[in-house]
Every structure is written in structure tokens, then in C-alpha cells.
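Predicted, not measured: the structure shown is a model, and the values here were computed from it. Chain letters run A, B, ... following the sequence lines, proteins first, then strands; residues in each count from 1.
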Protein chains: 2
Amino acid sequence: MPTNVAAARLVLEGVKAACSNCNLRELCLPIGIEPADLRKLDELVSTRRRMKRGDYLYRAGQGFESIYAIRSGFFKTDVLIEDGRDQVTGFQMTGELLGLDGISSEVHTCNAIALEDSEVCAIPFSQLEGLSRQIHTLQHHFHKVMSREIVRDHGVMMLLGTMRAEERLAAFLLNLSQRFKARGYSPAEFNLRMSRDEIGSYLGLKLETVSRAFSRFQEEGLLSVHQRKVRILNTAGLRRLMTHQRSD
Amino acid sequence: MPTNVAAARLVLEGVKAACSNCNLRELCLPIGIEPADLRKLDELVSTRRRMKRGDYLYRAGQGFESIYAIRSGFFKTDVLIEDGRDQVTGFQMTGELLGLDGISSEVHTCNAIALEDSEVCAIPFSQLEGLSRQIHTLQHHFHKVMSREIVRDHGVMMLLGTMRAEERLAAFLLNLSQRFKARGYSPAEFNLRMSRDEIGSYLGLKLETVSRAFSRFQEEGLLSVHQRKVRILNTAGLRRLMTHQRSD
DNA sequence: CCCCACGTTTGATCCACGTCAACCCTGTTC
DNA sequence: GAACAGGGTTGACGTGGATCAAACGTGGGG
């Protein structure tokens, strides 16, 4: 585990939040921002919040004030309706933003829950709007992030609307893999932070179906699974499976 | 292939658009903008584009430059992947914005197709960013619109992930009804602009299933359907059906 | 007016996934 | 180290919606 360079760097960081010396700035909001402007951003992103596994970052119905950048850790967001149904709408990892759903009505519309001990930077939204009126690149980057979220959601709609169980799981794993890779972790071997049930909720499947799909992938030599430890053995095979031709 | 697109561009005639005297400004971007600022917006939203049923407003892969406000008409957006599968990601009507997905990568990620003769206002995006740096309320309103799109997508994910066929159709019809109502049309009686197949694609169902659900609703006296003409007879009943308790 | 094309409806059958239930792991508590 | 809890796996069976197929409008064109 100390093989993990990114994690090791995190531990060396001071407590004071500062985008200017955050090693995530290539992934997070400050992308492409001038050093001078970065200092202004530092003032804005002044509070960090440490959270334990299971803690709620915010809840549906709560007033919206800030968006959050994940400095370390892993989250899920979910929506639930009166009759008890719920749906995991996303899993978020280091460098990603949480809370964008709250802008529309000044109220959070989903729950955000830490799936492991985590740390986030709170970014007061009205101040972010203020600063992005001054800093062109910040404004544009923020718009890109929101748009990317919309595109991502369309991908999930595609998945839920047209794919079968194994295709969904393959797509999910490849997506995770690619995001770990982008953060300097192994794309082939990683620990799932979520339960079979949570994966199922995200993919529109029951946990038994998720479990069976995992077993099947293992039988076919596409990956090995032990509990939440996954090692991808055949990326191409997974990709092929995901894009498998249907009998149209 | 660009026959449609080229044709549509030709129609990009110099019809003078003007938000300030557009009767949609309560629904569209200019919400809550001062008269003085509204004039600046007028300059920005200078080109209208007239489209016929079936025309593409933009295609996946095309470069992104503008977002579009629907002045009149009805659109669908869809994504498709290599293996032939496609998914309708949304239906858009008067006053709604199209093209937000393109911001993230400067390229449109879906197709936008007119489902009836329509007219849109093109809004060059870089200019919109410029103006929203000057006009707070425009900036904030734009952020709200993007956020609302994200919330809407979460609703669709919920629908696709947890609801059964009849619940999905009920949710879909109630949503349409409510949007027609917001535009001053009858919430109880309207014409569907899309085929059973397109509804099915949006709801993650086959057209036969959509058709059967319509028939069932009619048998139960919830609505009457003739072709694409729908009249809702029992809104409460539909709502009850949508939120029906599952055997948990 | 008839014909053709295309979207829609309806019926019969099939199958992927849900449901229910038993059992198994692994980690934790006393 | 026995007992327990919570997640995960596996099997047997049921079912909602897909698939296949046929017939039915409706509207446009000759």
C-alpha cells in the first residue's frame, strides 16, 4: 500500500487547504489557472472537512451553499423516493466535485455519503460564482465540469436503458479502472469501496445478479475477485463483452 | 450526409431575434434580467434558425459553438454507440436549452433532432460566458439551468433503474403534462410528438411494451389514446400507479 | 379509389433477471 | 475460540418484459 505514491504525498500535506500546492490541481477545479489567480482561489477554498466512512456530506433536502472537491476518499450519491426505492446516482473519487445538483433549487436533491474515510474541500458557491466572473479560465473550467456531469449521466442512461447485466458490470468496471489509472493507481487491480448492493443499485440490478456476473467473469478468466478486491485480467475481453453486438 | 445540416444552415437567415420582446423570457434564459441588460442579451442571441421535422440541429461529433434555446417546436436528443444501440436521452420543448452536453469537450456528444417544425435561437457559447461575467443574474440562472439538467437526469436514472414499465410510462406522461401546463397548454390533453419507439427508447422499453401499457391505462380508465393524441382522465390514478409500493 | 408504407396494436412464446432461501465466508466481540 | 453479524455466493423457481409474428389502422401517392 505504500506503493501508492499519490497517497503518500497526501500525508505530507499540511492542514491548511491550498489549491496552489495541492497535488490534485490537475484533476480538480484549478486546472489551467495562473499562479496569481490561484492565490485568490486559495482564499475561497479555505475549509477542509474530514469525514469517516458512513458520514453524510450532505442530505437530500438540506440547503445548498457549497460544492465540494474530494481531496481524498470515495463517495456515493443517491436519491430516494417516498415509497422506499432508492438509486445510487454515482460514485465519486479524488479530484471530483460533489453537490452540483443543489444549484438548481438551492437545496440538495440527493445524499452524499463517504464510502471510506475521506477529506473534502468546501467551496462556497456564491463565492465561486464571484471568482469565476473574474477568472475566465475558472469560469470555463467550471462549465466544463458541469457539462461533463451531464455527459456522464447520459452514459448511465444508455447503460440502464439498453445494456444487459453483464454488459453493465463490464462497463462499470472499465470506467472505475480508467479513473483509477487517471489518478496514478493501477488500472488492473483495485479495491471496490462499495457493496454488491450499491453496485446493483447504480446499475439497476439486484445484488444477486451482480454477484453472479462477477462469478461468471471469473469463470471466463476475465478477472479475479475476492470480496472487494478486483483484478482485471483481460481488459479487451471486458470491452468486447460490453460492446457486444445484439441480435438487432 | 450533411444534406439536413446544410439545409438547416441556409435557413439560418438574419431574422432578428430579440429576447426583450420574446414571450418566452419567463421560461428561457433571460429570467429575472434587468431591461438594460436584456438589450445586451439581444445582441448575443442574434440568429434564429428555422427547422423542419426530422432536421438535425446538431450531430454527435460535430464541433460545439453554440447552445440553442427552443423558441417553438419539439426536439429529441439521442446518443448512439457503434454496435447500433441508441438511447433517447431527452425530449425538449419550447423555452428549454439544447447543447449543454457539448461544453465539456467542445464537441457535441448527442444528436438533436426536430420532432416537428421548430425554431431555435442560437447562442454563441463563448459570448454567453462573456456576458454572464458581466451579468450576475444571467450567470446564476445559467448555472441553475445546467444543474436542473443534472437533476433531471438523476430522475431518469431513478426511473430506468427502479421502475417497472407502467410506472415509467405514467411518470413520463405526468412529466409531459406538467411541462405543457407550465407553457399554458392543457395538462390533460396533448399530442405526443414522438413515436412509440422513441418513447420506448427513452424509457428503456420496447415499443410493444409501451403500446401495451397505453392500452392497459385505457382499459383502466386512466386515459384515452388515439394514435398520438392523449387525454389524461385520472391524474391521481396515474400518480398513484407511479409511486406504487413494491413488495419490499 | 385503391394501394402501399409505416406506425401501432395484439397475441403467443421465451428468457434474463428478480425473488426466495439456504449457506458460506471473514471479521469482531466477549 | 465460540458466537454472532453482515456481506457475499449459489441454487431453484417465478415473472415481467423482450422477441417473434400477424393483423390492423391511417395517411400519402398514383
Side-chain angles (χ1 to χ4, degrees), chain A residues 53-54 76 84-88 113 115-116 159-170 172-173 191-220 223-230 241-242 244-248, chain B residues 52-54 76 84-88 115-116 159-172 191-220 223-230 241-242 244-248:
Chain A
R53 188 188 137 106
K76 72 167 178 182
R85 278 180 277 194
D86 72 336
Q87 167 86 19
V88 171
I113 301 155
L115 293 181
E116 62 182 23
L159 181 147
L160 292 171
T162 75
M163 292 185 172
R164 46 193 55 216
E166 293 187 5
E167 295 169 339
R168 294 183 199 190
L169 187 62
F172 171 69
L173 291 171
N191 271 89
L192 299 172
R193 268 68 170 193
M194 68 295 280
S195 68
R196 300 289 187 265
D197 197 26
E198 288 164 332
I199 297 174
S201 172
Y202 181 61
L203 299 179
L205 302 168
K206 292 290 146 179
L207 69 299
E208 293 95 329
T209 306
V210 173
S211 179
R212 276 185 245 270
F214 268 123
S215 302
R216 194 117 205 287
F217 287 173
Q218 187 154 254
E219 280 168 28
E220 288 168 2
L223 46 79
S224 72
V225 226
H226 295 99
Q227 308 288 118
R228 296 187 176 185
K229 180 142 210 140
V230 174
L241 195 155
M242 188 186 81
H244 191 252
Q245 303 287 347
R246 333 295 296 287
S247 48
D248 266 355
Chain B
K52 309 195 63 165
R53 188 188 138 109
K76 72 167 178 182
R85 279 181 276 194
D86 73 334
Q87 168 86 20
V88 171
L115 294 181
E116 61 182 23
L159 180 146
L160 292 172
T162 76
M163 292 185 171
R164 48 192 53 216
E166 293 188 6
E167 295 170 339
R168 295 183 197 189
L169 186 62
F172 170 71
N191 271 89
L192 299 173
R193 268 69 170 192
M194 68 295 282
S195 69
R196 300 289 187 264
D197 197 27
E198 287 164 330
I199 296 174
S201 172
Y202 181 62
L203 299 178
L205 303 169
K206 293 288 145 182
L207 70 299
E208 293 96 327
T209 305
V210 173
S211 177
R212 276 184 244 271
F214 267 124
S215 302
R216 194 118 205 287
F217 286 174
Q218 188 155 252
E219 281 169 27
E220 288 168 2
L223 47 78
S224 72
V225 227
H226 295 98
Q227 306 287 118
R228 297 187 174 184
K229 180 142 209 140
V230 173
L241 195 155
M242 188 185 83
H244 191 251
Q245 303 289 343
R246 334 295 297 285
S247 49
D248 270 354

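- The separation between L192(B) atom CG and dT8(C) atom C1' is 13 Å, rounded to whole Å.
- What separates CG of L203(A) from P of dA16(C) is a distance of 18 Å, to the nearest Å.
- Screening residues 203-213 of chain A for salt bridge (Lys or Arg N to Asp or Glu O under 4.0 Å) gives no qualifying pairs among residues at least two apart or on separate chains.
- Residues that satisfy the side chain to side chain donor-acceptor pair (under 3.5 Å) test with Q227(B), not counting sequence neighbours, are absent from this structure.
- Take S195(B) and apply the side chain to side chain contact (heavy atoms under 4.5 Å, CB included) test, not counting sequence neighbours, and it matches D197(B), E198(B), R228(B).
- For F217(B), there are no ring-ring contact (aromatic ring centres under 6.0 Å, His included) partners, not counting sequence neighbours.
- By the side chain to side chain donor-acceptor pair (under 3.5 Å) test, R193(A) is found to be paired with E116(A), residues two or more places apart in sequence or in another chain being considered.
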What one-letter contact string describes nucleotides 8-18 of chain D from 5' to 3', where B marks a base within less than 4.0 Å of any protein heavy atom, S marks contact via sugar-phosphate atoms alone, and - marks no contact? SBBBB---SSS

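- Between D86(A) and T162(B), the shortest heavy-atom distance links the atoms O-CG2, 3.7 Å.
- Scored by the side chain to side chain donor-acceptor pair (under 3.5 Å) test, R216(A) finds E166(A), E220(A) as partners (sequence neighbours excluded).
- In terms of heavy-atom proximity, Q218(B) sits nearest to V225(B) at OE1-N, 2.6 Å.
- Direction of the helix axis in the helix from dC1(C)-dG30(D) to dC30(C)-dG1(D) shifts by 30° between the two five-pair termini, rounded to 10°.
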